[in-house]
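Worksheet for the structure shown next.
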Amino acid sequence: MPDQLLFGTEVFLNGLMAGVLYALVALGFVLIYKASGIFNYAQGVMALFAALTLVGIMDGQVPFAHLINAVFGTEVHHFGWNIPSFLAIILTMGVMVALAWIVQQLIFRHLVNQEPIILFMATIGLAYFMEGFGDIMWGSDIKKLDVGIPQGMNALIDEVTYGAFGYGFFIDNLDIVAAVIATILVILLVLFSQYTKQGRAMRAVADDHQAALSVGISLNFIWVMVWSVAGFVALVAGIMWGAKSGVQFSLSLIALKALPVLMLGGFTSIPGAIVGGLIIGVGEKMFEFLIGPMVGGATENWFAYVLALLFLVFRPQGLFGEKIIERV
Amino acid sequence: MKLKLISAAVAAIVAAAPAMADLTFSALSYRTGPYAANGIPFADGYQDYFTLLNERDGGIGGEKINLVECETGYNTEKGVECYESTKGSGALVYQPLSTGITYQLIPKATADGIPVHSMGYGRTSAKNGAVFNNIFNYPANYWDGASVAIKHLLDLNGGDLKGKKIALVYHNSAYGKEPIRTLEELSKKHGYTLTQLAVDHPGQEQKSQWLQIRRERPDYVIMWGWGVMNQVAIQEAVNIRYPMENFIGIWWSGSENDVLPAGEGANGYKALTFHNVGSDYPLYDDIKKYVVDAGKAAGAGDQLGTVLYNRGLYAAMLAAEAAKTAQAMHGTATITPQQMRDGMENLEMTEDKMTALGLPNFGPSFKVSCANHGGDGFGAVTQWDAKAGKWNMITEYMQSDQEVLNPLIAGDSEAYAKENGITPGCN
């Protein structure tokens with residue numbers, strides 16, 4: 001195989017893997033939009049908050065330590081214990097469920113039947129509040145996140161491809177784990193929404209709030225449930241991205257990576273988030289590989305949006321989005 | 001009643017206003033936002049040094065120091081707002097802590113007659129004080145950094161880089177592009193090939209760049225990164241098993257924050273510096289005694305001895321020394337910003353002075369003058385020891401290639417002077 005073709009194949013595969021990571025973030029947006037019509041601007045910050053909480057619990061960090069010390073003149077920072085990652089993930093999930101309940105009770109319960117733009121504005125406020133709250137609760141230092149996911153080059157793929165082509169492909173173990181987790185997550189979410197009572201209720205709420213209420217579905221419960229599931233997806237995304245860069249404020253910016261995925265895959269389709277992620281991941285990586293050197297590189301951020309816009313022109317609802325039909 | 005209210009309001013305003021007799025220093029800090037993890041230690045070091053001077057020495061020349069802190073969030077617009085809202089406080093000098101803010105403040109501060117000190121960042125050609133009267137960037141600038149990195153590689157290769165491949169991984173911004181011209185000029189002189197790899201802000205996704213490095217196998221990688229870009233780049237280098245001792249970051253890519261997330265894999269990573277590392281200095285005994293133990297440390301008081309804390313400390317120390325120089329020059333303790341500028345332009349830092357200040361072997365010796373607002377361009381290389389969890393300085397201070405850099409600085413500053421109708425000259 002010629003060298004350029006080999007390199008191109010490696011870039012293609014890595015694009016697919018990057019796409020999975022983008023899709024993980026996009027999934028959270030889709031879940032909430034599908035169930036409530038809210039474009040949740042705070043999804044990226046939820047990933048940050050979930051990852052901060054996970055590291056804090058694992059390391060036995062005292063929440064609000066800085067504030068407590070400043071007010072009471074104490075010197076408390078750690079409880080002195082470390083919690084295994086699996087247990088910490090469960091506890092973090094509990095925090096995310098509590099957060100979902102609080103968000104529902106304090107914000108969205110009061111905004112039922114408001115215009116989508118009002119709900120969107122509320123999530124912007126929520127995002128900025130959570131950024132500051134997370135900072136005060138866990139501190140703004142960069143934290144190492146290690147939940148035992150292997151990182152670095154997959155030796156087997158390297159050896160096999162080297163044996164076959166004389167060039168070993170680089171695939172990150174973390175990306176492989178992310179791909180497996182994303183696949184399981186999507187299957188579970190599809191099964192949940194199609195075959196469980198709560199899932200069907202969620203779809204009913206998404207179709208028509210009033211009709212769902214009239215048949216006895218609790219809007220309150222469904223929205224708390226959806227925000228909790230989105231919190232879980234945010235936790236998974238936070239773990240994957242946090243393992244790459246450490247848990248830090250910039251994690252909240254991963255939402256920027258999800259937007260073109262949503263534009264392309266549609267705001268209401270779970271499989272669309274995955275397929276959209278893969279197309280964006282491969283598209284931006286291949287463009288950077290083939291065209292980037294001719295235009296000075298750093299094309300990935302803007303090219304993802306160009307790609308999404310191109311799809312939008314021909315299919316405004318996205319690849320898998322529900323077709324918008326307005327009867328007059 | 002009305003009179004009482006007016007009197008109370010006036011009294012409140014007077015009480016809230018800074019005491020103009022004090023020496024006011026500004027701190028454009030960023031304790032919030034995506035770069036807070038880096039902004040906090042710098043701001044703490046900067047503040048703690050002035051607190052030490054107030055507590056131990058009663059200020060500078062008998063005048064207490066009034067530090068006015070303003071949060072920029074590392075945002076250029078907010079930084080400019082901070083400048084505009086605090087310049088009336090009588091701030092003697094501004095340290096913008098951001099290349100973007102520095103560029104905005106160059107014309108404003110020059111017009112207002114307030115000096116700006118951009119230490120290790122900002123506009124490199126501001127070194128030419130004949131054009132940039134109020135702007136200072138001692139002790140080293142980005143072009144010095146690029147040159148010192150190449151000098152280090154020359155040392156490692158017996159003075160010969162012919163045929164070597166060097167890749168520059170840079171933040172795709174004005175800051176990240178700063179070293180390109182210098183590295184290109186030096187490649188002509190030393191015969192290495194330079195590959196440029198731009199990384200888009202914020203730099204969380206760098207797979208394409210590191211796959212290219214894996215394919216092309218450059219002998220060395222130099223990085224001009226900031227924030228999350230640093231941590232991701234170091235992790236990606238570990239992932240592709242790039243030899244970390246061949247990977248060198250600029251001084252803004254060389255703090256504990258940058259290497260800790262990659263764990264053991266980051267061992268051997270190198271970074272440039274213009275000041276020493278650690279807390280094993282007599283000055284730290286005083287900081288513990290007068291600041292930390294007295295409960296007056298900035299922030300949580302947990303950043304002492306980190307790379308960026310030391311940088312903030314050093315920045316404050318250079319500001320204080322310039323203020324002392326100004327006081328001596330003008331025979332007054334209550335100096336003005338213009339007199340502070342004179343102090344900065346006549347600042348001389350020697351090893352004897354550093355030792356007397358409690359920081360022996362901490363920073364390079366240099367002398368500022370009208371023609372040279374940037375010092376003598378000395379830098380060194382540090383290396384991360386992951387096991388010990390600390391940086392070690394592994395070289396002596398090396399001077400940048402003045403033969404190559406001086407014409408570049410002259411050319412750039414003269415072009416700026418022409419564009420802005422400035423007649424270069426020294427007072």
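The figures that follow rest on heavy atoms only: side chains count, while hydrogens, waters and symmetry mates do not. Order of the sequence lines fixes the chain letters, A, B, ..., with proteins taken first and strands second; residue numbering starts at 1 for each chain.
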By a 4.5 Å heavy-atom criterion (distance strictly below it), what part of A:Thr299 contacts chain B: side chain, backbone, both, or neither? backbone

Measuring heavy-atom distances to chain B, does A:Ile254 have an atom under 4.5 Å in its side chain, in its backbone, in both, or in neither? both

What part of A:Phe289 gets closer than 4.5 Å to chain B, counting heavy atoms only: side chain, backbone, both or neither? side chain

What's the shortest heavy-atom distance between A:Leu253 and B:Pro202, and which atoms? CD1-CG, 3.8 Å

Is any side-chain heavy atom of A:Gln151 closer than 4.5 Å to one of B:Gln235? yes

Out of B:Arg241, B:His201, B:Gln196, return the one with the most heavy atom pairs under 4.5 angstrom to chain A. B:Arg241

Which of B:Ala198, B:Ser208, B:Ala37, B:Gly265 touches chain A most, by non-hydrogen pairs under 4.5 Å: B:Ser208

Scored by heavy-atom pairs under 4.5 Å with chain B, the best of A:Gly132, A:Gly152, A:Gly246 is A:Gly152

Among A:Glu284, A:Glu300, A:Glu131, A:Met17, residue most engaged with chain B (heavy-atom pairs, under 4.5 Å): A:Glu300

Could you tell me whether the side chain of B:Gln209 reaches within less than 4.5 Å of the side chain of A:Glu288, counting heavy atoms only? yes

Ignoring hydrogens and geometry, is there a side-chain-to-backbone donor-acceptor pair from B:Gln204 to A:Ser250 under 3.5 Å? yes

Please determine whether the number of non-hydrogen atoms from other residues, nucleotides or ligands lying under 6.0 Å from atom CZ of A:Phe79 exceeds 12. yes

Any idea which heavy atoms bring A:Ser245 and B:Gln231 closest together, and the distance? O-CB, 3.4 Å

Proximity breakdown for A:Asp175 and chain B, heavy-atom pairs closer than 4.5 Å: side chain

Given that the side chain runs from C-beta out, which part of B:Gln212 has a heavy atom under 4.5 Å from chain A: side chain, backbone, both or neither? neither

Is it the case that over 12 heavy atoms from other parts of the model lie below 6.0 angstrom from the NZ atom of A:Lys144? yes

Answer key: most heavy-atom pairs under 4.5 Å with chain B among A:Leu21, A:Asp135, A:Asp141, A:Asp172 is A:Asp172

Should we say atom OH of B:Tyr175 is surrounded by more than 12 heavy atoms from elsewhere, each under 6.0 Å from it? yes

So which of B:Leu197, B:Ile234, B:Ile240 has the biggest tally of heavy-atom pairs under 4.5 Å with chain A? B:Ile240

Segment of B:Leu260 engaging chain A (4.5 angstrom heavy-atom cut-off): backbone

Contacting moiety of A:Lys257, where chain B heavy atoms sit under 4.5 Å: side chain

Would you say B:Arg181 has more than 12 foreign heavy atoms packed within less than 6.0 Å of its CZ? no

Under a 4.0 Å threshold between the charged nitrogen and the carboxylate oxygen, would A:Asp158 count as salt-bridged to B:Arg214? yes

Minimum-distance pair of heavy atoms, taken over all atoms of A:Phe170 and B:Leu211: CD2-CD2, 3.8 Å

To the nearest 0.5 angstrom, please state how far the CG atom of B:Asp258 sits from the CD1 atom of A:Ile142. 6.5 Å

Contact part of A:Phe287 toward chain B, heavy-atom cut-off under 4.5 Å: side chain, backbone, both or neither? neither

Among A:Ser140, A:Ala65, A:Ala70, single out the residue with the greatest number of heavy-atom pairs under 4.5 Å to chain B. A:Ser140

Using non-hydrogen atoms only, which part of B:Val228 is less than 4.5 Å away from chain A: side chain, backbone, both, or neither? both

Part of B:Asn257 lying under 4.5 Å from any heavy atom of chain A: both

Can you tell me how far CG of A:Asn69 sits from CG of B:Asp302, rounded to the nearest 0.5 angstrom? 10.0 Å

Going by heavy atoms in the side chains, are A:Val11 and B:Lys207 under 4.5 Å from each other? no

Chain A contact via B:Ala262 - side chain, backbone, both or neither, heavy atoms under 4.5 Å: backbone

